[in-house]
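In this chain, numbering begins with 1 at the start of the sequence shown. Not measured: the values here are computed from a predicted model.
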Amino acid sequence: MATQRTLSIIKPDATRRNLTGKINAKLEEAGLRIIAQKRIQLTEAQAGQFYAVHKERAFFKDLVSF
């Protein structure tokens with residue numbers, strides 16, 4: 001049986017509201033197992049690359065700056 005992995009991202013507003021523990025708990029309650037966590041703050045250039053799939057959308061600039 002193949003192992004599946006996924007990436008979850010907790011956005012800055014949830015971190016500011018101190019919700020990371022509750023979000024992690026919800027993931028674990030859903031049967032997911034957290035094997036690693038890393039807190040980083042993307043630069044604008046990194047965010048632009050990450051969200052490049054949305055580059056042609058009207059909300060792209062707001063998404064990257066958020």
When L19, D13, N18 are each screened for side chain to side chain contact (heavy atoms under 4.5 Å, CB included) with R16, the one that passes is D13
Calculate, to the nearest 0.5 Å, the distance between atoms OG1 and CD belonging to T20 and Q37 respectively.
-> 7.5 Å
Reported CZ-to-CD1 distance for the pair R17 and I23, which is rounded to 0.5 angstrom | 8.5 Å
In one Ile/Leu/Val/Met/Phe/Trp/Tyr side-chain cluster, 4.5 Å: I9, L32 | no
Taken to the nearest 0.5 Å, the spacing of F60 CZ from K55 NZ works out to 5.5 Å
How many angstroms lie between CZ in F66 and CZ in F59, if you round to the nearest 0.5 Å?
-> 13.5 Å
The reported gap from CD1 in I35 to CZ in R5 (rounded to nearest 0.5 angstrom) is 3.5 Å
Minimum side-chain heavy-atom gap I40-Q46 below 4.5 Å = no
Rounded to the nearest 0.5 Å, how far apart are CG of L27 and CD1 of I10?
-> 7.0 Å
Test R57 against L63 for side-chain contact (heavy atoms from CB on, under 4.5 Å), laying out the working first.
-> CA-CA 10 Å; R57 308 269 181 152; L63 181 63; over 6 Å; no
